[in-house]
Amino acid sequence: MSLARVHNFSVSLDGFATGEALSREAPFGHAGERLHQWMFATRWWHERSGDAGGTSGADDVFVRRFEPGIGAEIMGAGKYGYPGWHEDPEWKGWWGPNPPFHTPTFVLTRHTRPPLAMEGGTTFHFLDASPADALKTAREAAGGKDVRIGGGATVIREFLAARLIDHLHVVVVPIVLGRGVRLWDGLEGLERDYAVDTVTTSSGVTHLTFERTAR
């Protein structure tokens with residue numbers, strides 16, 4: 001069976017994956033872009049942005065694992081758009097006409113709408129489904145490849161609580177946000193089901209990888 005994978009998911013030292021007061025103008029609320037500066041510095045990011053340079057160390061190695069072997073993505077409504085996006089029939093996500101997913105992408109929302117085909121192979125499907133049912137649907141669309149669980153924190157927490165995540169990559173960024181949406185709440189004892197490894201890099205972040213051992 002294909003795996004359910006999380007990659008490059010950044011949290012603060014106090015466990016917040018996004019800040020407070022999210023809006024169209026502030027997708028991560030008061031956190032701004034501070035959780036993702038480590039990624040913006042990598043060579044991978046510079047290549048995707050059409051720029052030269054960027055770092056080529058461990059951060060770059062980790063961030064490049066985002067895409068290989070992925071056949072579908074699942075994300076929450078809060079990753080797809082700002083609060084209230086469902087009231088805007090013209091909203092097509094944050095990423096412009098060619099989103100970076102290039103696969104069937106399933107948005108978990110109570111406000112369903114018809115599928116939305118974008119450039120580059122991404123088609124957004126809007127599902128009102130449980131984590132288990134959404135994963136089953138995404139696996140069918142993935143054609144034997146793995147399914148990426150893209151976030152945000154609430155969606156990943158729900159999939160972890162249901163023990164549906166096989167590979168979890170969390171990046172702990174050395175900032176304190178104090179408020180927002182936390183990843184780890186209600187997941188006491190999660191580590192017992194996983195082999196955990198850590199890598200700390202010169203950028204100051206720590207990469208935590210969880211590989212599921214109990215199935």
Side-chain angles (χ1 to χ4, degrees), residues 5-42 45 49 59 62-63 66 73-96 99-101 105-113 124 126-131 134 148-162 164-165 168-191 198 200-201 203-210:
R5 294 158 41 187
V6 176
H7 289 277
N8 306 329
F9 194 74
S10 298
V11 300
S12 64
L13 288 172
D14 47 349
F16 292 97
T18 191
E20 199 173 66
L22 278 64
S23 69
R24 189 166 185 167
E25 294 72 30
F28 293 97
H30 82 286
E33 297 184 338
R34 287 180 290 162
L35 286 168
H36 307 102
Q37 291 298 328
W38 69 272
M39 184 186 301
F40 300 152
T42 63
W45 184 268
S49 303
D59 290 340
F62 273 104
V63 77
F66 164 85
E73 166 138 351
I74 297 171
M75 68 174 65
K79 178 175 178 178
Y80 179 74
Y82 61 96
W85 64 262
H86 59 276
E87 297 177 351
D88 180 0
E90 300 303 317
W91 179 256
K92 298 180 180 180
W94 300 105
W95 306 279
F101 311 110
T105 300
F106 297 88
V107 181
L108 300 183
T109 174
R110 294 190 301 274
H111 305 283
T112 59
R113 58 174 64 176
F124 291 111
F126 302 88
L127 296 181
D128 185 2
S130 68
R148 185 172 51 236
I149 313 300
T154 300
V155 166
I156 292 177
R157 188 168 62 243
E158 289 173 350
F159 275 77
L160 286 170
L164 295 173
I165 302 294
L168 172 68
H169 170 222
V170 174
V171 186
V172 181
V173 181
I175 63 173
V176 176
L177 289 179
R179 52 200 166 96
V181 182
R182 288 172 49 89
L183 174 62
W184 303 116
D185 291 352
L187 297 176
E188 294 85 355
L190 174 75
E191 71 283 354
T198 64
T200 300
T201 72
S203 66
V205 306
T206 299
H207 298 269
L208 302 178
T209 54
F210 296 70

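Along the sequence shown, residues carry numbers from 1.
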**Q** Are any of the side-chain heavy atoms of H169 and V6 separated by less than 4.5 Å?
**A** no
**Q** What's the spacing between R5 CZ and E73 CD if we round to 0.5 Å?
**A** 11.0 Å
**Q** Which residues pass the salt bridge (charged side-chain N to carboxylate O under 4.0 Å, His left out) test with D14, sequence neighbours left out?
**A** none
**Q** So which heavy atom on P100 is nearest to which on F66, and how close?
**A** O-CE2, 4.0 Å
**Q** Working to the nearest 0.5 Å, report the span between CG of L164 and CD1 of I156.
**A** 12.5 Å
**Q** Drop me the distance from H111's NE2 to F126's CZ, to the nearest 0.5 angstrom.
**A** 12.5 Å
**Q** Among all residues two or more places apart in sequence or in another chain, which pass the salt bridge (charged side-chain N to carboxylate O under 4.0 Å, His left out) test with E20?
**A** R179
**Q** Which atoms form the tightest heavy-atom contact between M75 and F101, and what is the distance?
**A** CE-CZ, 3.5 Å
**Q** Under the side-chain hydrogen bond (donor to acceptor under 3.5 Å, both in side chains) rule, collect the residues that match up with W45, sequence neighbours excluded.
**A** S49
**Q** May I ask you to test the T201-F62 pair for a side-chain heavy-atom distance under 4.5 Å?
**A** no
**Q** Side-chain atoms of residues 86-96: list all donor-acceptor pairs with protein atoms under 3.5 Å, sequence neighbours left out, distances to 0.1 Å.
**A**
from, atom 1, to, atom 2, distance (Å)
D88, OD1, E90, N, 2.9
W91, NE1, Y80, O, 3.1
W94, NE1, K79, O, 3.0

**Q** Go through the steps for F159 and I74 under the test side-chain contact (heavy atoms from CB on, under 4.5 Å), then give the verdict.
**A** CA-CA 10 Å; F159 275 77; I74 297 171; 4.0 Å; yes
**Q** Just verifying a value: how many Å separate L127 CG and T109 OG1, rounded to the nearest 0.5 Å?
**A** 9.5 Å
**Q** Do F9 and I149 pass the side-chain contact (heavy atoms from CB on, under 4.5 Å) test, and can you show the C-alpha distance, the side-chain angles, and the key distance before you say yes or no?
**A** CA-CA 10 Å; F9 194 74; I149 313 300; over 6 Å; no
**Q** Please confirm whether the backbone N or O of V11 pairs with a side-chain atom of R182, one donor and one acceptor, at under 3.5 Å?
**A** no
**Q** To the nearest 0.5 Å, how far apart are CG in L160 and CZ in R157?
**A** 9.5 Å
**Q** Looking only at heavy atoms, which two atoms of A17 and A153 are closest? And how far apart?
**A** CB-CB, 3.7 Å
**Q** Looking only at non-hydrogen atoms, find the nearest pair between S10 and V173 and report the distance.
**A** CB-CG2, 4.1 Å
**Q** Can you confirm whether P27 sits close enough to L22 that some side-chain heavy atom of one is under 4.5 Å from a side-chain heavy atom of the other?
**A** no
**Q** Starting at NE2 of H7, measure out to OG1 of T209 and round the result to the nearest 0.5 Å.
**A** 10.5 Å
**Q** Taking side-chain contact (heavy atoms from CB on, under 4.5 Å) as the criterion, tell me which of L35, L183, V176, T18 meets it with S12.
**A** L35
**Q** If you look only at pairs with a residue in residues 27-36, which of them pass as a side chain to side chain donor-acceptor pair (under 3.5 Å), with sequence neighbours excluded?
**A** none
**Q** Not counting sequence neighbours, which residues clear side-chain hydrogen bond (donor to acceptor under 3.5 Å, both in side chains) with T112? List them please.
**A** none
**Q** Give the minimum heavy-atom separation between A31 and G19, together with the two atoms involved.
**A** CB-N, 3.7 Å
**Q** Are L177 and F28 side-chain neighbours, meaning at least one heavy-atom pair lies under 4.5 Å?
**A** no
**Q** Hey, does W38 have a side-chain heavy atom less than 4.5 Å from the side chain of V63?
**A** yes
